[in-house]
Amino acid sequence: YFDRAIIDSINAGHVRPLNWGLWIALRDPIAQRMLEILDPEFREGTAIPTLDADLLARLLPLSPSVARSRRRIILETAHPSLKARGYVKRVDRNTSGTTDLYTYPPGPTFLAMQYRLERQPGLPSNGRQLREARG
């Protein structure tokens, strides 16, 4: 049995599915947290998410006292693992004024999780089965 708080969180949408095999394979805690941050961005329909470095630092979470150059190093240590596992195709960093923006095109590992099998020809739909069962 699950605790009521867990059930309420699931029903409210606060618990999201995650590719746990990939999460474990990443091994680096920063890369794992980046997966947790990026996955909802991909799933919410953002074709290619672009995230501000300051937002990513807060979500990791990194202390505000960490220097901008150090934050960039920390963020960029996670990127090779995400690329090597095929979760992102590449990572593009763009600088806009004093802000770094990271763009994450999804890679084949994420895209494979979106694949759905086509219905086999000749198999009745569930609705048709129900109608036939009712007569």
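- Residues meeting the side chain to side chain donor-acceptor pair (under 3.5 Å) test with Asp52, sequence neighbours left out: none.
- With sequence neighbours left out, the salt bridge (Lys or Arg N to Asp or Glu O under 4.0 Å) criterion links Arg93 to Glu76, Asp100.
- The minimum heavy-atom distance linking Asp54 with Arg71 is given by the pair OD1-NH1, 3.0 Å.
- Considering all non-hydrogen atoms of both residues, Met34 and Leu75 come closest at SD-CD2, 4.1 Å.
- With a 4.5 Å cut-off on side-chain heavy atoms, Leu60 and Ile37 count as touching.
- Other residues, nucleotides and ligands contribute more than 12 heavy atoms inside 6.0 Å of the NZ atom of Lys83.
- No single ILVMFWY cluster, assembled from side-chain heavy atoms under 4.5 Å apart, contains both Leu59 and Ile73.
- Residues Asp39 and Tyr87 come closest through the heavy atom pair OD1-OH, 2.6 Å.
- With a 4.5 Å cut-off on side-chain heavy atoms, Val91 and Leu82 do not count as touching.
- Of all heavy-atom pairs spanning Leu101 and Ser96, the tightest one is CD1-CB, 4.3 Å.
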Which is it for Tyr102 and His79 under the side-chain contact (heavy atoms from CB on, under 4.5 Å) test, yes or no, and what are the steps along the way? CA-CA 10 Å; Tyr102 290 95; His79 296 155; 3.6 Å; yes
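- Residue pairs meeting the salt bridge (charged side-chain N to carboxylate O under 4.0 Å, His left out) criterion with at least one partner in residues 21-32, sequence neighbours excluded, are absent.
- With hydrogens and angles ignored, the 3.5 Å screen pairs no side-chain donor or acceptor of Arg33 with any backbone N or O of Pro61.
- Sorted by first and then second residue, the salt bridge (charged side-chain N to carboxylate O under 4.0 Å, His left out) pairs involving residues 55-65 (not counting sequence neighbours) form an empty list.
- Here the closest non-hydrogen pair linking Leu38 and Tyr104 is CD2-CD1, 3.5 Å.
- Interatomic distance, CG of Leu62 versus CD1 of Ile30, reported as 7.0 Å (0.5 Å rounding).
- With sequence neighbours excluded, the residues that form a salt bridge (Lys or Arg N to Asp or Glu O under 4.0 Å) with Arg90 are Asp92.
- In terms of heavy-atom proximity, Leu51 sits nearest to Leu56 at CD1-CD2, 3.6 Å.
- Arg85 pairs by the salt bridge (Lys or Arg N to Asp or Glu O under 4.0 Å) definition with nothing, not counting sequence neighbours.
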